[in-house]
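Just so you know, residue 1 is the first one in the sequence shown, and it goes up from there. All values reported here derive from a predicted model rather than from experimental measurement.
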Amino acid sequence: MNQDRAAGALRRLPVQKRSVERFERLLDACAELLDEAGYAALTTKEVARRAEVPIGTLYQFFSDREGLIGALAARNLESFLARVADRLEREAPAGIPGIVEVTVDEYVAMRRTITGFGVVDFGVVGQDHILEPNCDNNTAVAGSLRTLTASLTGVQDNAELEIAVRVALECADGVLQLAFRTDPQGDPQLIAECKRVLTSYLNDRIRLLTTGQQG
């Protein structure tokens, strides 16, 4: 477990094996209840009951429901980045098209298979600072993807790349949300369009950034 995960959203991080197991059970129960009843109906009491953990133990880790959601969102992001990095390492796709393909495919796969991910992926509507207190959720996600993009493309990790990745993420977020509103499994045509838009935009931006560095 990443000990830095959602540190700002927690009262304390679990250390001992038993505590880690309880912590993860609470997050699993939270995700299950989100799928079953939605965010509005989620309560810490029901999460603790479902996880078979005393409510006092829940409050040792989390100050409130938002703390639970923040830790779940952070776990989702950690898992997503690990999946993307693993596939990129195994498949070594060529250029931006391959990077986009892997990244979008892994998000779609998680949306289809991970409990609670459709309600809380890397954040939740109305809670804009779940992942980090000093920036909104999409900015936090873009920061992680920017680092990955820089390492894979060789461009400098600077303000220009930050803008490019943030714009790409906002586009992907909008189109993929539309894809899953249209079809619970994600409309294939809209997913393909998302990849096409991201590839065209990022190809152009990375080319300009690379040209600028060489100049």
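- Below 30°, between 30° and 60°, or above 60°: for Phe61 and Phe23 the angle between ring planes is above 60°, a perpendicular geometry.
- Geometric assessment of Arg65 against the ring of Tyr39 yields a positive cation-pi assignment under the 6.0 Å and 45° thresholds.
- Atoms CZ and CD, from Arg112 and Gln185 in turn, are 6.0 Å apart once rounded to the nearest 0.5 Å.
- With respect to Cys30, the side-chain contact (heavy atoms from CB on, under 4.5 Å) criterion is satisfied by exactly one of Val119, Val120, Leu72, Thr115: Leu72.
- Checking side-chain atoms of Asn76 against main-chain N and O of Phe122 turns up no donor-acceptor pair under 3.5 Å.
- Thr210 contributes a side-chain N or O that, together with a main-chain N or O of Ile206, makes up a donor-acceptor pair within less than 3.5 Å.
- A distance of 9.0 Å separates CZ of Phe117 from CZ of Phe180, quoted to the nearest 0.5 Å.
- The pair Arg166-Glu170 meets the salt-bridge criterion, with a side-chain N (NZ, NE, NH1 or NH2) lying under 4.0 Å from an Asp/Glu carboxylate O.
- A salt bridge links Asp105 with Lys195: the distance from a Lys NZ or Arg NE/NH1/NH2 to an Asp or Glu carboxylate oxygen falls below 4.0 Å.
- Annotation: the span from Arg50 atom CZ to Thr43 atom OG1 amounts to 10.5 Å, rounded to 0.5 Å.
- Criterion: ILVMFWY side-chain heavy atoms under 4.5 Å apart, direct or through other members. Under it, Ile114 and Leu81 are part of a common hydrophobic cluster.
- Taking a cutoff of 4.0 Å between a charged side-chain nitrogen and a carboxylate oxygen, Asp204 and Arg207 qualify as a salt bridge.
- Taking SG of Cys194 as the start and CG of Asp173 as the end, the distance is 9.5 Å to the nearest 0.5 Å.
- Counting heavy atoms from C-beta on, the side chains of Glu46 and Arg49 come closer than 4.5 Å.
- Summarising the local packing, CZ of Arg18 is surrounded by 12 or fewer heavy atoms from other residues, nucleotides or ligands at distances under 6.0 Å.
- Applying the 4.5 Å side-chain rule to ILVMFWY residues, one finds Leu178 in the same cluster as Leu190.
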